[in-house]
Amino acid sequence: MSRSYKIALILKSKSSLPVYRDLAALSDRELDEQVLAMIRRMRANESAVIARMALRQPTFSLN
């Protein structure tokens, strides 16, 4: 992932990091850590949602 892509990803997320820090001033290592932490949070949230999903019988439509 390029540095600009990581910054764009953080800006598009609901992270409050851009409010408190200048993302362009972060080192590559700090930027990587923030992106990995964001991905970890996303995975944790998704697993909670998936665990609560109701299983339904498979259906199909002829539309």
Side-chain angles (χ1 to χ4, degrees):
M1 245 187 266
S2 69
R3 182 174 176 80
S4 59
Y5 183 77
K6 290 175 188 175
I7 291 174
L9 194 61
I10 292 172
L11 289 173
K12 288 180 183 177
S13 73
K14 294 180 180 178
S15 173
S16 59
L17 181 69
V19 175
Y20 299 109
R21 303 192 78 184
D22 180 17
L23 297 179
L26 291 177
S27 69
D28 287 340
R29 185 172 174 270
E30 289 173 321
L31 204 54
D32 285 340
E33 289 172 358
Q34 292 299 327
V35 170
L36 288 175
M38 187 177 66
I39 291 172
R40 246 184 269 119
R41 285 193 306 271
M42 287 168 56
R43 284 185 181 149
N45 289 341
E46 286 176 3
S47 62
V49 169
I50 291 169
R52 289 193 306 267
M53 286 174 63
L55 296 177
R56 306 206 190 300
Q57 292 296 322
T59 59
F60 65 93
S61 174
L62 297 175
N63 289 344

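Values in this document were obtained by computation on a predicted structure and should not be read as measured data.
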Joint cluster assignment, L36 & M42, ILVMFWY side-chain distance < 4.5 Å = no

Just jot down the side chain to side chain contact (heavy atoms under 4.5 Å, CB included) partners of S4, sequence neighbours excluded, or say none.
-> S2

Sub-4.5 Å side-chain heavy-atom contact between I10 and L31 = yes

Gap separating the CE atom of M38 from the CG atom of L9, nearest 0.5 angstrom = 3.5 Å

For atom CZ of R3, decide whether the heavy atoms of other residues, nucleotides or ligands shown that lie under 6.0 angstrom number more than 12.
-> yes

CG on D28 to NZ on K6, rounded to 0.5 Å = 6.5 Å

